[in-house]
Amino acid sequence: MTKFPNEKELKEAREALEKSLASKLLPPNASPVDRVKYSICEEFVKYINLHKLTQRALAEKLSIDEALVSKIIHYSFEEFTTDRLIKYLSILYPEVEVKVLVA
């Protein structure tokens, strides 16, 4: 029989992961805007892994500073607007479409 962690154990695991990883986890109470930004950042992570790029190479491709790329791929999106992230993503995927799903 599989035992699932309780809420306290999940909270402790999330806190430990946040401290041990350079990338941020999306908090359970994230706003809709933060969820969208997080999803967009995921696309950059997928792109960098799929194309085996360094942060520097992606920064050059996007014509932005490497430090900004680092923030994006580590989900530190607080200083980015949604449209700015979409602008960068459209450089990688010129035909990108953004859809809003209502749950």
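On a predicted model such as this, the values are computed, not experimentally measured, just so you know.
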Notebook entry, point to check: Do you reckon Leu53 sits in the same ILVMFWY cluster as Ile91, going by side-chain contacts under 4.5 Å, direct or chained?
Noted result: yes
Next item on the list: Kindly check if the number of other-residue, nucleotide or ligand heavy atoms within 6.0 Å of CD (Glu78) is above 12?
Entry: yes
Note to self: Which heavy atom of Ala30 sits nearest to which heavy atom of Asp34, and what is that distance?
What the structure shows: CB-CB, 4.3 Å
Solution key, residues 55-66 side-chain donor-acceptor pairs under 3.5 Å, sequence neighbours excluded:
residue : atom : partner : partner atom : Å
Arg56   : NE   : Glu66   : OE1          : 3.4
Asp65   : OD2  : Ala67   : N            : 2.9

If you look only at distance, which donor and acceptor atoms sit under 3.5 Å apart when one is on a side chain in residues 41-51 and the other is two or more places apart or in another chain?
residue : atom : partner : partner atom : Å
Glu43   : OE2  : Lys46   : NZ           : 3.2
Asn49   : ND2  : Val45   : O            : 3.2

Next item on the list: Can you measure from OH (Tyr38) to CZ (Phe77) and round to the nearest 0.5 angstrom?
Entry: 8.0 Å
Item checked: Atom of Lys71, atom of Phe80 and distance for their closest heavy-atom approach -> CB-CE1, 3.9 Å
Note to self: Between Leu68 and Glu79, is the side-chain contact (heavy atoms from CB on, under 4.5 Å) condition met? List the steps.
What the structure shows: CA-CA 10 Å; Leu68 290 177; Glu79 74 181 66; 3.6 Å; yes
Checklist line | Separation of Asn6 CG from Glu12 CD (nearest 0.5 Å) | finding: 8.0 Å
Check: Should Val33 and Leu85 be regarded as members of a common hydrophobic cluster, given that ILVMFWY residues are connected when their side-chain heavy atoms come within less than 4.5 Å of each other, either directly or indirectly?
Finding: no
Check: Okay, side chain of Ser90, backbone of Tyr93: is any donor-acceptor separation there less than 3.5 Å?
Finding: no
Notebook entry, point to check: Measuring from Leu89:CG to Lys87:NZ, what's the distance to the nearest 0.5 Å?
Noted result: 13.0 Å
